[in-house]
Amino acid sequence: MSCERAFNPALEQVPVVVLSNNDGCIISRSAEAKALGIKMGEPLFQVKALLREQGVQVFSSNYALYGDMSQRVMNYLAAVAPAVEIYSIDECFLDLHGLQRWQAPDLTCYGRQVQAALLRRTHIPTCVGLGPTKTLAKAANRLAKKLPAFGGVLSLVDESIRRELLEQLPVEDVWGIGPRYGGKLHALGIRTAGALSRVSESWAREQLGGVVGARLVRELQGLPCQGLAPSEDGTLARQRIACTRTFGQPLTGYPDLLRAVAHFTARAAEKLRQQGSAAHLLTVFLCPGRFGADAQPSRAATLTLPAASNDTGQLLALVRAAVRKLWRAGTVYHKAGVLLAGLEPAGRQQLGLFDDPALAARRARLLREIDALNQRFGRHKVAFATMLAPVGSATPRWQTRHERRSPAYTTSWDELWTVPAAG
DNA sequence: TCTGGGGTCCTAGGACCC
DNA sequence: TCTGGGGTCCTAGGACCC
């Protein structure tokens, strides 16, 4: 929502929401939209009337824009902190050990400077939470968002402040307490983060899933149990890579389904190569409807590759076999996906007895070139034949709906932001 | 009556996160 | 009519090994 606002001043101070893929659910809301009672994750069709009545501005998600804006924010943070861990598209942990200029009581000033600089550079508003553990930093961030008096920056480094403020944080707002544990804790009389920080380790182990609960409580007490996940560029190497989509319109035909799954495979393989991995396991699944009368369980097939691969062509050969096995005539499919697991660093695969190392090197080079072309000219401009529909056919029906998407202001020459002339 | 004591690997399921 | 798409970690249990 903040990315939309950054390029469209007319969205300031009015209710704005952003939709999930396929324009299905609401996944981001401005404060004004929250105040109208619109909930996170709510299906669009259930609130359509309310949105119209209240004049809420509605956007399809625009990941080209959000991803690029996220990178700008993360790049700045990486420049001002000794180490960073990019936790999600809109969150980042900074390790401040070794930060020379700023010491404990001043860390809030540091937080304010970072917050102000981000707003100036990217127009993205942020909240900063500081603490001796990740869990306390998250708690501080949550409180900074909830209590306007702090101006979006709060430190829980000081113990007496911590004791006081953790009492004001509902236990279900603690990082790692979801709906299940939240309900359980309330039933057991633990209602705030402060109360949770005072339970014994053995009690935490018993009630909150073993070692996970024990770590959570220790972190609340200020004893670090999770370090920064190390990686050079701040991104985490994934252990699994998936690409799954609900289709724009349901599919029944085998060729349509195969083309859709082939696209997901190509995308998953790109992500795999991007992080320098190769996969041993490939899962393909096809889902009929999830809702209504003709809802059926999804069918999946997992294949083991003889040698780890990140070669789209090799993966497609297996995917083709899997789809042929899973597909049933007459079933209406709403969603499909590809999952890659058993990842290892690429290029370390044992060559089979009859594999030709020179050929493998040429394949790798070919894939690098294809990735570079698609990076420059647009996703899947160069594609494998399995992905393609006959020449001249209409837009594939499986493609995601995004009827209210804003322009890719920062990543496409054709959609650059234009500044209205003064006067 | 009496029935060892270690391991590993994999999968499914449950909890959580954004 | 219409319901997203990614991820993580842990535990228990089964199959198998010596």
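Worth saying up front: this structure is predicted, and the values here are computed from it rather than measured. In the text below, chain A, chain B and the rest are named by the order of the sequence lines, each starting its count at 1.
A/Leu228 has its CG atom 17 Å from the P atom of C/dT8, to the nearest Å. Separating the CG atom of A/Leu340 from the C1' atom of C/dG6 is a distance of 13 Å, rounded to the nearest angstrom. Separating the CG atom of A/Leu44 from the P atom of C/dT1 is a distance of 15 Å, rounded to the nearest angstrom. In this structure, A/Gln275 places its CD atom 12 Å from C1' of C/dG7, rounding to the nearest Å. To the nearest angstrom, P of C/dG7 lies 15 Å from CD1 of A/Ile86. Following rounding to the nearest Å, A/Tyr63 (OH) and C/dG4 (P) show an atom-to-atom distance of 12 Å. When the P atom of C/dG4 is taken as reference, atom NZ of A/Lys335 falls 7 Å away, rounded to whole Å. Whole-Å rounding puts the A/Arg240 CZ to B/dA12 P distance at 11 Å.
Looking at heavy-atom distances under 4.0 Å, A/Ile241 makes contact with sugar-phosphate atoms alone, never a base. A/Arg238 comes within 4.0 angstrom of the backbone, heavy atoms only, and of no base. Residue-level contact check: A/Gln239 touches the backbone only, with heavy atoms under 4.0 Å from sugar-phosphate atoms and none from bases. At a threshold of 4.0 angstrom between heavy atoms, the contacts of A/Lys184 with the nucleic acid are absent. Residue A/Arg267 is classed as having no contact, given no heavy-atom separation below 4.0 Å to the nucleic acid.
Ring geometry, A/Trp398 versus A/His263: the interplanar angle falls from 30° to 60°, so the pair is classed tilted. The aromatic rings of A/Phe7 and A/Tyr409 sit parallel to each other, their planes meeting at less than 30°, with 60° as the upper class boundary.
Contact between the side-chain N/O atoms of A/Thr246 and the OP1/OP2 oxygens of C/dG5 is found at a separation under 4.0 Å. The shortest distance between the side-chain N/O atoms of A/Arg245 and the OP1/OP2 oxygens of C/dG6 is below 4.0 Å.
Using a 3.5 Å distance cut-off with no hydrogens or angles, the side chains of A/Arg259 and A/Thr386 do not pair a donor with an acceptor. Side-chain contact of A/Thr312 with A/Arg273: a donor-acceptor pair under 3.5 Å is present, judged by distance alone. Under 3.5 Å, the side chains of A/Glu4 and A/Ser406 contain a donor-acceptor pair of N or O atoms. A/Asp311 and A/Ser309 share no donor-acceptor pair across their side chains, judged by distance under 3.5 Å alone. Side-chain contact annotation: A/Asn22 with A/Thr400, donor-acceptor N/O pair under 3.5 Å absent.
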Which nucleotides of DNA chain B pair, in dot-bracket form (Watson-Crick or G-U under 3.5 Å, | meaning another strand): ....||||||||||||||
Verdict with reasoning, A/Gln221 to A/Ser197, per side-chain hydrogen bond (donor to acceptor under 3.5 Å, both in side chains): CA-CA 6 Å; A/Gln221 294 165 346; A/Ser197 76; over 6 Å; no
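Considering A/Val199, A/Leu169, A/Leu196, A/Thr133 as possible partners of A/Leu220, the one that fulfils the side-chain contact (heavy atoms from CB on, under 4.5 Å) test is A/Leu196.
Note on A/Arg218 versus A/Glu201: salt bridge recorded, some NZ/NE/NH1/NH2 to OD/OE distance being below 4.0 Å.
Residues A/Val212 and A/Arg205 fail the side-chain proximity criterion, which asks for heavy atoms closer than 4.5 Å.
A centroid separation of 6.0 Å or more is found between the aromatic rings of A/Phe285 and A/Trp327.
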So which protein nitrogen or oxygen atoms get under 3.5 Å of nucleotides 9-11 of chain B's nitrogens or oxygens?
none

Tabulate protein N/O versus nucleotide N/O from nucleotides 13-18 of chain B, keeping only pairs under 3.5 Å, one per line.
from, atom 1, to, atom 2, distance (Å)
B/dA15, OP2, A/Arg180, NH1, 3.4
B/dC16, OP1, A/Gly178, N, 3.1
B/dC16, OP1, A/Gly178, O, 3.3
B/dC16, OP1, A/Arg180, N, 3.3
B/dC16, OP1, A/Tyr181, N, 2.7
B/dC16, OP2, A/Arg180, N, 3.3
B/dC16, O3', A/Gly176, O, 3.4
B/dC17, OP1, A/Gly176, N, 3.0
B/dC17, OP1, A/Ile177, N, 3.4
B/dC17, OP1, A/Ile177, O, 3.2
B/dC17, O3', A/Trp175, NE1, 3.4
B/dC18, OP1, A/Lys138, NZ, 2.7
B/dC18, O3', A/Asp90, OD1, 3.0
B/dC18, O3', A/Glu91, OE2, 3.2

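Residues A/Arg215 and A/Thr244 each lie close to DNA chain C; by heavy-atom proximity, the contact nearer the 5' end of the strand is made by A/Thr244.
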